[in-house]
Amino acid sequence: MKIEDIKGVVVASVTAFTCKREIDEDATRRLIDYYIKGGLKGAFMNSSSGEYFSMTNRQRARCVSVAKEQAKGAIAIFAGISDDVLSQVHENAGIMADAGADILVAMPPRFNNYTDDELYAFFTEIADKSPLPVILYNHMLRLNNKLSIELLVRLSAHPNIWGVKDTHNDASRLMTLLSRLKGNENFAVYAGGDSMAGFSALMGGYILNALSAINPGLFVRMLSSGKARDVERVMELQQRAGELMQLFGILNQNRGQSMSLFCQSIKAALAAKGLCETHTAQLGYEITPEELETVRLFLQKNR
């Protein structure tokens with residue numbers, strides 16, 4: 001696989017579960033077919049939207065294996081390998097490579113705070129030993145260790161680090177990062193925040209987000225319009241993406257905020273399309289038929 005094969009829109013996929021909290025293999029196949037039909041370049045399995053933090057390695061590997069088998073090379077399969085312990089990250093990398101992943105995705109370690117030099121050593125060792133190319137995963141809102149622009153520039157020189165999923169809502173940071181990395185065709189910057197997709201499209205970056213699971217074509221058209229320097233069209237499509245983001249408020253109106261509800265909002269939209277159920281890896285909520293109908297009507301209004 002070449003880096004050009006993954007430059008585009010990649011979905012941070014939810015994980016389809018059965019009511020017994022096992023991988024729903026039939027639904028996983030339907031999702032992959034849907035992503036391919038939507039024109040996506042890849043599917044990031046075992047992402048945070050995919051509840052990797054609540055899954056066993058057996059479940060993660062099976063999810064990747066089924067996705068890879070169904071994709072048949074039509075899209076790249078990204079697989080999360082994140083852990084706080086380096087030796088476990090290496091083990092995860094081997095497991096996901098054996099399961100058929102094309103690209104591996106790694107977050108920084110959590111809980112303890114580390115310096116840029118320590119994080120540089122962490123990711124360099126991962127990349128040195130990884131059997132597959134690595135994408136870094138930076139989350140400016142949820143992770144205590146954040147990858148600075150200077151650190152990303154340093155790491156971009158590693159031949160086995162192919163890019164970063166940079167998740168935030170900071171247009172200035174995205175602009176600066178893309179400017180600093182301009183001309184480096186071997187490192188792809190993916191906007192992870194749904195509200196940053198249009199900025200990335202216009203400034204030479206790419207998109208790796210959760211919302212593209214619901215409407216892949218919207219983000220594919222956005223990226224294409226950005227490459228064509230069609231600012232007005234990108235603004236129109238970004239506004240539509242903003243309207244689609246209102247989906248995340250439907251299920252939590254009476255329940256408060258929860259990562260389960262974030263994932264289940266996406267799953268409810270996909271359930272309305274007949275692609276998967278709303279079950280989670282653990283915990284979560286029973287989504288009522290009335291809520292599913294509300295989601296279905298919302299999607300009809302926001303096509």
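Proximity of a side-chain donor or acceptor of N160 to a complementary backbone N or O of L132 within less than 3.5 Å is detected. A donor-acceptor contact shorter than 3.5 Å links the side chain of K7 to the backbone of E185. Side-chain atoms of Q264 come within 3.5 Å of backbone atoms of Y285 as a donor-acceptor pair (strictly under, hydrogens ignored). S47 places a side-chain N or O within 3.5 Å of a backbone atom of S13 that can act as its donor or acceptor partner. Under the 3.5 Å distance criterion, the side-chain polar atoms of T28 are matched with a main-chain donor or acceptor of D24. A side-chain donor-acceptor contact under 3.5 Å links D5 to the backbone of K2. With Q88 contributing its side chain and D83 its backbone, the two residues share no donor-acceptor pair below 3.5 Å. In this structure, the side chain of S200 engages the main chain of Y206 through a donor-acceptor pair within 3.5 Å. Side-chain atoms of N145 never come within 3.5 Å of backbone atoms of R110 as a donor-acceptor pair (strictly under, hydrogens ignored). Remark: the backbone N or O of G50 is paired with a side-chain donor or acceptor of T15 at under 3.5 angstrom.
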Working for side chain to side chain contact (heavy atoms under 4.5 Å, CB included), residues L223 and F219 = CA-CA 6 Å; L223 187 60; F219 293 96; over 6 Å; no
Applying side chain to side chain donor-acceptor pair (under 3.5 Å), run through Y137 and S82 and close with a yes or a no.
-> CA-CA 9 Å; Y137 186 175; S82 299; over 6 Å; no
After noting the C-alpha distance and the side-chain angles of R173 and D166, does the key distance pass the salt bridge (Lys or Arg N to Asp or Glu O under 4.0 Å) rule?
-> CA-CA 10 Å; R173 174 186 165 88; D166 208 33; 2.8 Å; yes
Check the pair I95, E91 against side chain to side chain contact (heavy atoms under 4.5 Å, CB included), reporting the backbone distance first and the verdict last.
-> CA-CA 6 Å; I95 291 170; E91 183 177 326; 4.1 Å; yes
Can you list the steps and then say if T278 with E291 is a side chain to side chain contact (heavy atoms under 4.5 Å, CB included)?
-> CA-CA 11 Å; T278 61; E291 287 174 317; over 6 Å; no
Any chance you could lay out the side chain to side chain contact (heavy atoms under 4.5 Å, CB included) test for H158 and D128, step after step, and finish with the verdict?
-> CA-CA 9 Å; H158 196 292; D128 284 346; 2.6 Å; yes
Given the rule in the salt bridge (Lys or Arg N to Asp or Glu O under 4.0 Å) test, do K41 and E4 qualify, once you have shown the distances and angles that lead to the verdict?
-> CA-CA 10 Å; K41 283 284 193 173; E4 294 301 322; over 6 Å; no
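Linking ILVMFWY residues whenever their side-chain heavy atoms come closer than 4.5 Å, directly or via other members, leaves I214 and L297 in distinct clusters. The hydrophobic cluster containing L275 also contains I287, counting ILVMFWY residues as joined when their side-chain heavy atoms lie under 4.5 angstrom apart, directly or transitively. Linking ILVMFWY side-chain heavy atoms closer than 4.5 Å, directly or via other members, places V89 and I135 in a single hydrophobic cluster. Side-chain heavy atoms closer than 4.5 Å link hydrophobic residues (I, L, V, M, F, W, Y) into clusters, and following such links, even through other members, never connects V189 to M140. Connection of I23 to L31 is not established within any shared hydrophobic cluster, with ILVMFWY side chains joined at heavy-atom distances below 4.5 Å, either directly or through further cluster members.
Partner of P133 under the side chain to side chain contact (heavy atoms under 4.5 Å, CB included) criterion, out of I103, N186, I161: I103 alone.
Interatomic distance, D194 CG to S212 OG, rounded to the nearest 0.5 Å: 7.5 Å. Put simply, CE on M45 and CE on M55 are 8.0 Å apart, with the number rounded to the nearest 0.5 Å. Atom CG of N112 sits about 8.5 Å away from atom CG of D84, to the nearest 0.5 Å. Distance check: R180 CZ to T176 OG1 gives 9.0 Å after rounding to the nearest 0.5 Å. Here the straight-line distance linking atom NZ of K165 with atom CG of L136 works out to 12.5 Å at 0.5 Å rounding. To the nearest 0.5 Å, the span separating NZ on K72 from CD1 on I32 amounts to 10.5 Å.
Between A61 and A99, the closest heavy-atom pair is O-CB, 3.6 Å. Between L292 and A268, the shortest heavy-atom distance links the atoms CD2-CB, 3.8 Å. A43 and V10 make their closest contact through N-CG1, 3.9 Å (heavy atoms, listed as atom of the first residue, atom of the second, distance). Taking each heavy atom of L40 and I75 in turn, the nearest pair found is O-CG2, 3.1 Å. When all heavy atoms are compared, the tightest approach of L211 to A241 is CD2-O, 3.6 Å. Across F44 and L208, no two heavy atoms sit closer than the pair CD2-CD2, 3.9 Å.
More than 12 heavy-atom neighbours from other residues, nucleotides or ligands sit within 6.0 angstrom of NZ on K273. Around CD of Q300, the count of heavy atoms belonging to other residues, nucleotides or ligands within 6.0 Å exceeds 12. Environment of CZ in F199: sparse, with no more than 12 heavy atoms of neighbouring residues, nucleotides or ligands closer than 6.0 Å. In M245, the CE atom is crowded: over 12 heavy atoms of neighbouring residues, nucleotides or ligands sit closer than 6.0 Å. Atom CD of E277 has 12 or fewer heavy atoms from other residues, nucleotides or ligands within 6.0 Å.
For the pair V66 and R29, the minimum side-chain heavy-atom distance is below 4.5 Å. Using a 4.5 Å cut-off on side-chain heavy atoms (C-beta onward), F248 and I266 make contact. Annotation: side chain of I81 is in contact with side chain of I126 (closest heavy-atom distance under 4.5 Å). By the 4.5 Å heavy-atom criterion applied to side chains, D102 and K68 are counted as neighbours. Residues L202 and S225 have side chains not in contact (no heavy-atom distance under 4.5 Å, counting atoms from C-beta outward). With contacts defined as side-chain heavy-atom distances shorter than 4.5 Å, the pair L247/V295 qualifies. No side-chain heavy atom of K301 sits under 4.5 Å from any side-chain heavy atom of E243. Counting heavy atoms from C-beta on, the side chains of H168 and L141 never come closer than 4.5 Å.
Under 4.0 Å is where a charged nitrogen must lie from a carboxylate oxygen, and between E51 and K267 at least one such pair does. With respect to the salt-bridge test (charged N to carboxylate O, under 4.0 angstrom), the residues R296 and E293 qualify. Checked for salt-bridge contact, R62 and E22 miss the test: no charged N lies under 4.0 Å from a carboxylate O.
Using a 30° and 60° split on the angle between ring planes, F78 and Y190 fall in the perpendicular class, above 60°.
In this structure, R142 is not positioned above the aromatic face of F53 in the sense of NZ or CZ being under 6.0 Å from the six-membered ring centre and within 45° of the axis.
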